[in-house]
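Structure record follows, encoded as structure tokens.
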Amino acid sequence: MTNQEIASIFYEIARMLELKDENQFRIRSYEKAARNIETLTEPISEIVQQGQLNKIPGIGQSIGAKIEELLSTGKLKQYEELKSSVPQGLLEIANLPGLGQKRARILYQKLNIKNVKGLERACKQGKVQELPGFGMKIEENILAAIAMQKSIGKRLLLFQGLDIANRIVRELGKMKQIKKLEPAGSLRRRKETIGDIDILCTVDDPSKSSKLVMERFVKLPMVKTVIAKGETKSSVRVEDDVQVDLRVVDDNSFGAAMMYFTGSKDHNIAIRTRALKMGCTINEYGLFEVGNNKPVAGKTERELFEKLKLQYIPPELRECRGELESAEKEQLPVLVEQSDIKGDSHVHSTYSDGAGTIDEIADGAEKRGYEWIAVTDHSQSLKIANGLEPKRVIQKIEEIRKYNEQNKNVRVLCGTEVDIMSDGSLDYDDELLSRLDIVVAAIHSGFKQPKEILTKRIVRAMENKYVHIIAHPTGRHFGKREPYELDMTEIFRVALETGTALEINAHPVRLDLPDFYCQKAAEKGVQIAIGTDAHALWELEYMELGVSVARRGWLSKNNIWNSRSYSQLAKILGRKRGD
DNA sequence: GCCGTTTTCGGCCCGACTGTTTTCAGTCG
């Protein structure tokens with residue numbers, strides 16, 4: 001049983017306990033355990049074998065025993081019992097926006113509604129509005145929520161979220177009443193997918209301008225529906241049914257509000273608990289000493305962290321993954337920045353399925369201020385992507401050699417994204433690989449093989465001295481494919497041993513390695529290479545997404561090949577080949 | 001159900017908005 005499967009069971013238990021109106025803290029315990037299991041990098045079965053289960057935060061005696069029961073029997077008695085006592089359709093009902101476990105329970109008890117279909121019918125018959133605590137408006141909202149659920153159901157990619165937020169900021173930013181205007185939330189943390197978009201702003205004269213800003217916000221051209229509109233907070237739905245919240249806060253509270261609306265739920269709880277221990281309370285308006293309603297801090301995040309006796313925690317780290325402990329000891333890493341990046345290790349040219357010639361790609365790299373760029377076209381087996389026959393590889397080597405002779409501003413590395421075949425061999429022979437500057441190896445087929453086989457394929461590729469980087473190591477593809485199963489402990493071990501880098505593929509639908517694996521890889525000393533996988537010139541911009549993943553993975557520039565100058569990189573690449 | 005620099009018991013974050021109420025519960029983030 002995989003970590004994800006076990007985590008999903010605990011999430012489901014939490015939701016069913018909610019419906020049974022159980023103690024909220026007990027529910028939170030299950031959620032917390034699930035979140036922590038989900039982000040483990042080792043199979044939980046191994047942790048159990050080593051007797052280290054109680055080392056995982058949020059897992060105590062009771063949940064620990066349940067994990068062991070699941071691993072040994074494949075089942076969990078409590079879970080089975082819960083499932084038979086809670087109609088499964090109720091979970092779905094409680095998940096509808098505007099509804100929760102309380103109302104779902106009332107619907108079940110009073111009208112015997114067990115699923116969304118039944119709910120829709122009851123609403124249309126006007127039965128729901130007659131229930132105590134319900135009314136006409138709620139009935140309407142439920143119908144709207146059901147209709148919307150049919151049309152969506154997936155989270156937004158970071159890339160899309162950034163685009164929408166940027167456009168809103170650009171539009172609203174035209175208002176002269178607005179002083180500060182910044183996205184917060186999971187977007188500011190640069191989470192790989194975004195549930196909704198939170199934007200905060202301050203205005204010159206709150207008593208007058210707040211209202212104007214809200215008026216303007218709910219009437220922006222991209223707004224499709226208005227969910228809520230108040231003096232300080234409004235929520236709208238824009239294209240693709242994405243929810244956007246705008247809050248107006250006081251200038252003196254801006255830092256506190258940014259902090260409050262940026263941190264993940266767990267991070268905020270940890271911050272709050274810390275404030276309490278220091279005899280303070282913190283909310284979106286500021287940090288207050290108990291019994292005193294004049295804030296000690298609140299205008300900037302920096303002063304708040306200072307008062308909390310913490311190093312400044314960059315937004316990307318505010319996920320409750322040990323950042324408070326590190327910040328307390330002043331041991332947070334200096335995170336890599338876009339300005340540290342000197343090259344891109346994964347780009348496709350018109351030789352295979354890319355959109356730029358060698359000249360154009362080099363030009364694009366120069367415009368971005370890079371020292372080097374690796375042109376890594378697909379190998380021969382990937383026919384669908386116009387993979388290169390050996391003959392054309394030679395031709396490409398020759399063209400790039402000539403380019404580098406005539407142009408000195410950017411160094412173009414001739415590379416390949418070579419397929420790792422289903423038996424772990426490579427799509428080109430060693431002789432051809434040895435003639436390339438850089439070799440990126442990737443799995444593009446046989447995703448459904450068992451974990452052991454997939455792991456072995458990648459291990460075998462890394463053991464080849466001509467392979468420098470493993471591209472998109474977990475194979476995940478948002479909205480299309482779950483990551484395939486791998487023994488990441490083994491992969492990290494061999495990567496370190498062989499001097500192979502793991503890629504952060506910066507393409508918006510991949511962002512692979514995932515951030516929590518980056519953190520683990522860095523702890524083990526494994527190096528990371530960020531590649532945009534650009535198939536069009538403008539896609540070189542994806543580098544910023546890759547840097548975000550690296551930052552969320554606690555990486556500093558030392559962990560990353562892209563921060564190396566060309567000569568440093570050439571040495572690293574040569575070292576693996578044994579030059 | 002977890003956790004511990006007051007604690008093995010008693011805490012566990014907190015405010016805005018909506019809709020149904022006529023002072024507040026439910027939901028959300």
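These numbers come from the heavy atoms of this one structure, side chains and all, not from hydrogens, waters or symmetry mates. Chain A is the first sequence line, chain B the second, and so forth, proteins listed ahead of strands; every chain is numbered from 1.
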query = Where each residue is assigned the nucleotide of DNA chain B containing its nearest heavy atom, which of A/P132 and A/K66 is assigned the position nearer the 5′ end?
reply =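 Residue closer to the 5' terminus by nearest nucleotide: A/K66.
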message = Go nucleotide by nucleotide along DNA chain B from the 5' end; which of A/N95 and A/M136 gets its closest nucleotide reached first?
response =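 Going by which nucleotide is closer to the 5' end, it is A/M136.
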query = Taking it one step at a time, do A/Y79 and A/E12 satisfy side chain to side chain donor-acceptor pair (under 3.5 Å)?
reply = CA-CA 9 Å; A/Y79 174 61; A/E12 213 178 313; 3.1 Å; yes
Take the protein atom [atom1] of [X] and the nucleotide atom [atom2] of [N], then report the distance between them rounded to whole Å.
X: A/R188; N: B/dG29; atom1: CZ; atom2: C1'; value: 16 Å
X: A/R105; N: B/dT27; atom1: CZ; atom2: C1'; value: 14 Å
X: A/Q61; N: B/dG1; atom1: CD; atom2: P; value: 11 Å
X: A/E130; N: B/dT21; atom1: CD; atom2: P; value: 12 Å
X: A/F134; N: B/dT21; atom1: CZ; atom2: P; value: 11 Å
X: A/Q243; N: B/dT27; atom1: CD; atom2: P; value: 16 Å
X: A/L246; N: B/dG29; atom1: CG; atom2: P; value: 16 Å
X: A/D266; N: B/dC2; atom1: CG; atom2: P; value: 15 Å

Answer yes or no: are there more than 12 heavy-atom neighbours, outside [X] itself, under 6.0 Å from its atom [atom1]?
X: A/K180; atom1: NZ; answer: yes
X: A/K224; atom1: NZ; answer: yes
X: A/M222; atom1: CE; answer: yes
X: A/Q88; atom1: CD; answer: yes

For [X] and [Y], indicate whether the former's side chain and the latter's backbone hold a donor-acceptor pair under 3.5 Å.
X: A/R551; Y: A/E337; answer: no
X: A/R189; Y: A/E319; answer: no
X: A/R318; Y: A/T262; answer: no

message = Using a heavy-atom cut-off of 4.0 Å across all strands, would you classify A/I13 as base, sugar-phosphate, or nothing?
response =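 A/I13: no heavy atom of the nucleic acid under 4.0 Å.
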query = Within the structure shown, what part of the strands sits under 4.0 Å from A/L99 by heavy-atom distance: base, sugar-phosphate, or nothing?
reply =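 Result for A/L99 = sugar-phosphate.
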[N] to [M] separation - [atom1] atoms, rounded to the nearest Å:
N: B/dT21; M: B/dT27; atom1: P; answer: 15 Å
N: B/dT22; M: B/dT18; atom1: C1'; answer: 16 Å
N: B/dA16; M: B/dC12; atom1: C1'; answer: 22 Å
N: B/dC28; M: B/dC13; atom1: C1'; answer: 14 Å
N: B/dG10; M: B/dT6; atom1: C1'; answer: 12 Å
N: B/dT20; M: B/dG26; atom1: C1'; answer: 11 Å

Mind listing the side-chain donor-acceptor pairs of residues 49-61 of chain A below 3.5 Å, one per line with the distance, residues two or more places apart or on another chain?
{"residue": "A/Q52", "atom": "OE1", "partner": "A/K55", "partner atom": "NZ", "Å": "3.2"}
{"residue": "A/Q52", "atom": "NE2", "partner": "A/Q50", "partner atom": "O", "Å": "3.4"}

Mate of B/dG26 where both pairing distances stay under 3.5 Å, Watson-Crick or G-U =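 Here B/dG26 is engaged in a pair, and the nucleotide opposite it is B/dC17.
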task = Please confirm whether A/F159 and A/Y542 have ring centers closer than 6.0 angstrom.
result =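 Yes, ring centres under 6.0 Å apart.
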key: Minimum-distance nucleotide to A/P97 side chain [options: B/dC28, B/dG29, B/dC2]   =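 Nearest listed nucleotide: B/dC28.
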key: Under 4.0 Å protein heavy-atom contact, by nucleotide of nucleotides 9-18 of chain B - B base, S sugar-phosphate only   = ---BBBSSSS
message = Before you tell me yes or no, could you show the steps for A/K451 and A/T2 under side chain to side chain donor-acceptor pair (under 3.5 Å), namely the whole-Å CA-CA distance, both residues' side-chain angles and the distance that decides it to 0.1 Å?
response = CA-CA 11 Å; A/K451 177 176 172 181; A/T2 66; over 6 Å; no
Pairs: protein N or O with nucleotides 3-7 of chain B N or O, under 3.5 Å:
{"residue": "B/dC3", "atom": "OP1", "partner": "A/G58", "partner atom": "N", "Å": "2.8"}

task = Would you please confirm or rule out a distance under 4.0 Å between OP1 or OP2 of B/dC2 and any side-chain N or O of A/S29?
result =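 So the side chain of A/S29 is outside the cut-off, no N or O lying under 4.0 Å from OP1 or OP2 of B/dC2.
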